[in-house]
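These values consider heavy atoms only, across backbone and side chains, with no hydrogens, waters or symmetry-generated copies.
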Amino acid sequence: MNICVFLSAADLDERYTAPARDFARLLGKAGHTLVWGGSDTGLMKVVADGVEEAGGRLVGVSVDFLAHKARPDADQMVVAKDLAERKALLLAKSDAVVIMVGGTGTLDEATEILELKKHGKHTKPVVLLNTAGFYDGLKTQFRRMDEEGFLPIPLTDLVLFADDAPTALAYLESSAL
């Protein structure tokens, strides 16, 4: 599978990097391809390193103003003209989506991917990897949206909130069958 991972390019502490590294190794060991923002910095680098070390492929989609931070040895690297094109390319190149910890950029990517799925523009499985409870508040908000009728499809059909890497990958692999 080509698995898109949206995540931070910031340097983060071990409570975020260790679980990300674990997920990356599982992904690579299973023979999957990482499709990611292409950056060779921060958490993006941690995940790309883990996938590569475990034998997986790397497909990056950078953006023109961040191209200087792109990983030079990716199996494939595309440079988009802007963030909107980047998100569209990342989705187009993937079979499934994982959202890891991140800032406003990651949140923007997550909400767009979920909005597109809500409207039937894609049917790819989406997992929010809730490392160290990072997305607990968002999970509460999504449950409220579901309970109060803001979502036209059940939350469970929209996204899986997973607390660990094995659960996330198992869900993606079973959804791809």
Just jot down the side-chain hydrogen bond (donor to acceptor under 3.5 Å, both in side chains) partners of D11, sequence neighbours excluded, or say none.
-> none
Closest heavy-atom contact between M77 and W36?
-> CE-CH2, 4.3 Å
Are R71 and D49 within salt-bridge range, i.e. N to O under 4.0 Å?
-> yes
Interatomic distance, L169 atom CG to D164 atom CG [nearest 0.5 angstrom] = 10.5 Å
Shared ILVMFWY cluster between Y171 and V98, side chains joined below 4.5 angstrom?
-> yes
Smallest heavy-atom separation, K124 atom then S94 atom, equals NZ-O, 2.6 Å
Which of these passes side chain to side chain contact (heavy atoms under 4.5 Å, CB included) with L114: L151, V126, V97?
-> V126
Joint cluster assignment, V63 & F6, ILVMFWY side-chain distance < 4.5 Å = no
Any chain of hydrophobic side-chain contacts (each under 4.5 Å) joining L107 to V159?
-> yes
The reported gap from CZ in F161 to OG1 in T140 (rounded to nearest 0.5 angstrom) is 8.5 Å
Do you reckon L7 sits in the same ILVMFWY cluster as L66, going by side-chain contacts under 4.5 Å, direct or chained?
-> no
How close do L129 and A168 get, heavy atom to heavy atom, and via which atoms?
-> CD1-CB, 4.1 Å
Among L90, V35, L89, V78, which residue meets the side chain to side chain contact (heavy atoms under 4.5 Å, CB included) test with V59?
-> V35
Find out whether N2 and K93 are in side-chain contact, i.e. whether some heavy atom of one side chain is under 4.5 Å from a heavy atom of the other.
-> no
Any chance you could measure F23, atom CZ, to L34, atom CG, to the nearest 0.5 Å?
-> 8.5 Å
Which residues satisfy the ring pair (Phe, Tyr, Trp, His ring centres under 6.0 Å) test with Y16, sequence neighbours excluded?
-> F134
Taking every heavy atom of T106 against every heavy atom of S8, the minimum-distance pair comes out as OG1-N, 3.8 Å
Residues forming a side-chain hydrogen bond (donor to acceptor under 3.5 Å, both in side chains) with R15, sequence neighbours excluded = D13
Shared hydrophobic cluster, L116 / L128 (ILVMFWY, side-chain heavy atoms < 4.5 Å) = yes
Who pairs with T111 by side-chain hydrogen bond (donor to acceptor under 3.5 Å, both in side chains), at least two apart in sequence or on another chain?
-> none
Check against side-chain contact (heavy atoms from CB on, under 4.5 Å), L43 and T17 = CA-CA 6 Å; L43 196 60; T17 58; 3.9 Å; yes
Please, which pairs that meet salt bridge (charged side-chain N to carboxylate O under 4.0 Å, His left out) have at least one residue in residues 107-117, sequence neighbours excluded?
-> K87-D108, K87-E112, E115-K118
Scanning both residues in full, the closest heavy-atom pair of V79 with A67 reads CG1-CB, 4.2 Å
Residues passing the salt bridge (charged side-chain N to carboxylate O under 4.0 Å, His left out) test with R21, sequence neighbours excluded, are E14
Value rounded to 0.5 Å, distance of CD1 in I3 from CG in L27 | 4.0 Å
Are K69 and M44 close enough that some pair of their side-chain heavy atoms sits under 4.5 Å apart?
-> no
Check whether any side-chain N or O of N130 sits under 3.5 Å from a backbone N or O of Y135 as a donor-acceptor pair, and report yes or no.
-> yes
Atom CG in D163, atom CG in D136: separation rounded to 0.5 Å?
-> 7.5 Å
From T167 atom OG1 to L160 atom CG, the distance as rounded to the nearest 0.5 Å | 8.0 Å
Over 12 non-hydrogen atoms of neighbours within 6.0 angstrom of NZ in K139 | yes
Heavy-atom distance under 4.5 Å between the side chains of D95 and H32, does that happen here?
-> no
What heavy-atom pair brings P166 and L26 nearest, and what distance separates the two atoms?
-> N-CD1, 3.8 Å
